[in-house]
Amino acid sequence: MPKAEYRSAIRSRKLIQMALADLLHEKPLDKITVSDVVRRAEINRGTFYAHYKDIPDVIHHLIGEIFSSIREQVLDAPIGLTDLSHAVLRHIQMILESDLDFFRKVMASSASVLIEQELVKLVLDYLIQNEQKFSTQEHDQYLLTIHFCAGGLTNLYWEWIAGNIDLSLEELTERAEVLLNQFVDTRLEGQK
């Protein structure tokens, strides 16, 4: 019996997430209501509230799931900074390509802050885990550097999604990788 309940919970969450993704193709995030989602998912409100407290909670969980796949591949790998930037940026590119219209809608909403937070958290977790290997800076300065890089990367992708950068996604990722590696190299040289 518990396995059936577990499968049912997974199914319900997926229905809610898919309904929200569909609705984002039709209207802005701040105009989507729980009623819209439950009607589209063909579930009752109780089912929605059994899994999520509100629409932003659904977005938060979706973004968390997206970044968990990056996190699994990046955090457990003993890689250098150059490999880290390559791994993270290529995963971001792959994820964006999976449903670009959905991400355009999310990035145009207040949920874009969640994406930035997840990116910062991912980079922070990895670099703090490997701080002794990558830095001779004082800890506070090291954290500021990481936040600066992650915020800049997020902004690059946000500007691309908004149509303000005239490059393909592949070109953007390649250039972002070069910029990040140049910044990191400069920071490391400054520490010697």
Side-chain angles (χ1 to χ4, degrees), residues 17-18 20-32 55-56 58-75 77 79-128 130 134-135 137 141-190:
Q17 292 171 359
M18 289 175 13
L20 180 58
D22 286 347
L23 288 163
L24 277 170
H25 294 287
E26 298 169 16
K27 56 178 152 178
L29 179 63
D30 62 344
K31 301 289 184 203
I32 298 172
I55 299 297
V58 179
I59 292 290
H60 189 273
H61 279 87
L62 273 171
I63 292 169
E65 285 178 12
I66 290 164
F67 274 88
S68 71
S69 69
I70 299 174
R71 181 176 299 281
E72 286 172 12
Q73 299 211 358
V74 171
L75 287 183
I79 57 179
L81 283 174
T82 302
D83 296 329
L84 172 70
S85 62
H86 178 79
V88 170
L89 294 175
R90 292 298 162 175
H91 275 83
I92 290 170
Q93 177 183 338
M94 185 177 62
I95 288 164
L96 288 173
E97 288 172 337
S98 71
D99 193 348
L100 192 54
D101 193 41
F102 171 76
F103 286 103
R104 279 197 171 106
K105 303 286 185 182
V106 171
M107 292 300 286
S109 74
S110 59
S112 64
V113 172
L114 295 173
I115 293 175
E116 182 174 356
Q117 289 170 344
E118 286 292 331
L119 179 58
V120 169
K121 186 176 179 214
L122 173 70
V123 175
L124 273 173
D125 287 351
Y126 182 80
L127 293 178
I128 288 171
N130 293 283
F134 296 140
S135 179
Q137 292 176 316
Q141 183 62 37
Y142 184 67
L143 291 179
L144 286 174
T145 302
I146 296 166
H147 280 282
F148 180 80
C149 289
L153 284 172
T154 304
N155 186 263
L156 271 180
Y157 282 98
W158 188 92
E159 289 293 329
W160 181 84
I161 286 171
N164 299 330
I165 296 177
D166 190 27
L167 297 170
S168 70
L169 184 55
E170 176 72 26
E171 291 170 321
L172 177 70
T173 299
E174 288 171 5
R175 292 189 187 185
E177 192 174 335
V178 168
L179 287 170
L180 183 59
N181 289 331
Q182 286 174 344
F183 180 79
V184 168
D185 290 344
T186 302
R187 297 301 302 163
L188 290 174
E189 286 172 14

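Predicted model only: the values in this text are computed from it and were never measured.
A distance of 7.0 Å separates CD1 of Ile32 from CD1 of Ile55, quoted to the nearest 0.5 Å. In this structure, CD1 on Ile165 lies 10.0 Å from OH on Tyr157, to the nearest 0.5 angstrom. Distance check, rounded to the nearest 0.5 Å: CG of Leu179 to CG of Leu172 gives 9.5 Å. Here His61 contributes atom NE2 and Leu20 contributes atom CG; the two are 13.0 Å apart, rounded to the nearest 0.5 Å. Interatomic distance, Leu167 CG to Trp160 CH2, rounded to the nearest 0.5 Å: 9.5 Å. Taking CD of Glu171 as the start and CG of Leu169 as the end, the distance is 10.0 Å to the nearest 0.5 Å.
Shown here are the side chain to side chain donor-acceptor pair (under 3.5 Å) partners of Lys31, two or more places apart in sequence or in another chain: there are none. With sequence neighbours excluded, the residues forming a side chain to side chain donor-acceptor pair (under 3.5 Å) with Asn164 are Glu159, listed by chain and number. Glu170 meets the side chain to side chain contact (heavy atoms under 4.5 Å, CB included) test with Arg90, Gln93, Ser168, Glu174; sequence neighbours excluded.
Side-chain contact between Ile59 and Leu24 is present, with at least one heavy-atom pair separated by less than 4.5 Å.
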